[in-house]
There are 2 protein chains.
Amino acid sequence: MPDLSPKTPAAPRVTPSWHRFEIAIIATARELRSAFDERLAVLGLNLSQASLLAYVTDFGSSTQTELAEMVGLGRAATGTMIDQLERRGLLERRPDPDDRRVWLVAATPEGERLVEDFYDLDRGLRAEFRRGISREDRHQLADLLDRLGTNIAESRGRPRPTLPESDNR
Amino acid sequence: MPDLSPKTPAAPRVTPSWHRFEIAIIATARELRSAFDERLAVLGLNLSQASLLAYVTDFGSSTQTELAEMVGLGRAATGTMIDQLERRGLLERRPDPDDRRVWLVAATPEGERLVEDFYDLDRGLRAEFRRGISREDRHQLADLLDRLGTNIAESRGRPRPTLPESDNR
DNA sequence: GTCCGATTGTATGACAACATACACATCGCA
DNA sequence: TGCGATGTGTATGTTGTCATACAATCGGAC
């Protein structure tokens with residue numbers, strides 16, 4: 001059933017093995033991330049870094065764990081990303097006077113300037129991606145993804161019996 | 001967590017990076033993959049390996065590049081994955097008598113047995129994920145994802161659409 | 001006030017996937 | 001034939017992310 005005949009040179013875009021929407025989501029996400037990274041390379045950023053920078057710019061100083069939650073990374077990964085951005089002078093860590101465990105991460109003026117560029121790129125990119133997808137479509141998409149995410153979280157929360165064939169619904 | 005004092009950006013700017021459906025897709029995909037990997041750990045497989053194995057089982061011997069396309073990985077990554085699966089005796093490489101460049105990858109009986117387990121797990125897992133998401137919804141989701149994917153592919157194929165190349169501040 | 005559990009950030013090691021470069025085989029064309 | 005272009009698989013180094021373990025710190029129970 002899969003189309004394996006032609007190796008269309010232009011669009012490799014394989015919707016792979018099975019047409020399960022779970023796989024489609026993963027594949028699309030990969031393409032999405034790659035596309036963003038590709039375009040953001042001009043700024044020397046990847047998508048995670050750009051998101052981080054944008055968040056800090058919009059919401060002001062934040063602790064690293066807070067940032068980690070926001071961009072959906074682990075604390076360690078967030079830390080090294082902040083390292084990189086700090087080394088480039090795009091943001092800075094200042095100690096929190098009230099809690100000596102944490103850093104307050106804030107964008108430098110230069111960082112804020114770069115975020116402007118990011119948003120420019122971002123706007124154009126998203127416009128391309130959304131061609132032929134109405135606002136309602138997008139909303140429904142987001143809604144479905146949210147519901148799906150909730151299901152996944154629930155499913156992961158409760159530890160499943162070890163082997164296949166325990167109880168099926 | 002303290003709701004810290006932000007500078008409250010006067011203008012909403014643009015839809016902030018973290019509630020854009022593009023990000024939602026990426027986040028959901030990550031959860032999806034983690035969830036699969038988590039459950040598949042019982043079999044000693046991750047999602048990519050399972051997909052690969054399943055594909056080979058369902059469609060018979062294939063070359064590595066073909067497999068790479070099918071599971072959406074690069075040739076190198078596919079190669080090392082096949083290495084692992086071969087080392088575990090789940091599939092085997094046999095030379096193609098007609099083309100000495102390629103290997104024909106096929107599942108061993110043991111591999112096929114494992115694929116059965118995989119499908120069992122897979123069925124249950126997907127049932128959990130789909131709770132409250134109708135078949136229609138899923139179709140529309142898949143459809144939107146496909147359109148989005150096409151847009152992305154197009155967008156990436158094209159070198160440089162309308163981008164701030166000349167007028168950087 | 002003084003401990004003890006919880007939290008924060010970091011160091012470390014592991015891993016999956018990529019891009020690049022390469023060796024080898026094949027195919028098409030002279 | 002021979003030979004270059006192309007396709008196939010592998011080696012190598014890099015990157016992004018995670019999990020785990022840890023020191024410093026906080027904050028509440030006593």
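Reminder, nothing fancy here: chain letters follow the sequence lines and each chain counts from 1.
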* Hey, are the side chains of A/V105 and A/S61 touching, using non-hydrogen atoms and a 4.5 Å cut-off? -> no
* Nearest-angstrom distance from the residue atom CD1 of B/I82 to P of D/dA11 -> 13 Å
* **Whole angstrom value for the distance that separates P of D/dC18 from CD of B/E31** => 11 Å
* Just grab all the ring pair (Phe, Tyr, Trp, His ring centres under 6.0 Å) pairs involving residues 125-154 of chain B, residues at least two apart or on different chains. => B/F36-B/F129
* So what does B/T63 touch, heavy atoms closer than 4.0 Å: a base, only the sugar-phosphate, or nothing? -> sugar-phosphate
* Just how far, in rounded Å, is P of D/dT15 from CG of A/D83? -> 15 Å
* Asked: So, is A/T65 near the phosphate of C/dT7, with a side-chain N or O under 4.0 Å from OP1 or OP2?
  -> no
* To do: Nearest whole angstrom, please: distance from the C1' of D/dT17 to the CG of A/L67.
  => 17 Å
* Structure fact -> Between the CG atom in B/L121 and the CD atom in B/E116, the distance rounded to the nearest 0.5 Å is 12.5 Å
* To do: Scan residues 89-105 of chain B against DNA chain D and write down, sorted by residue number, each residue with any heavy atom closer than 4.0 Å; if none is found, say none.
  => B/R93, B/R101, B/V102, B/W103
* Asked: Which whole-number value in Å describes the distance from A/E69 CD to C/dT8 C1'?
  -> 12 Å
* Classify the side-chain pair A/R101/A/T63 by whether it contains a donor and acceptor separated by less than 3.5 Å. => no
* Structure fact -> Once base and sugar-phosphate atoms are separated, protein heavy atoms under 4.0 Å mark nucleotides 12-22 of chain C, 5' to 3', with B, S and - as -----SSB---
* **Stepwise side chain to side chain contact (heavy atoms under 4.5 Å, CB included) test for A/L40 and A/N46** => CA-CA 6 Å; A/L40 289 178; A/N46 61 28; 6.0 Å; no
* For B/R100, look at atom CZ and say whether over 12 heavy atoms of other residues, nucleotides or ligands are found less than 6.0 Å away. => no
* **Smallest separation among heavy atoms of A/M81 and A/L52, with atom names** => CE-CD2, 3.9 Å
* Asked: Strictly by modelled atom types, are A/R113 and A/T108 linked by a side-chain donor-acceptor pair under 3.5 Å?
  -> no
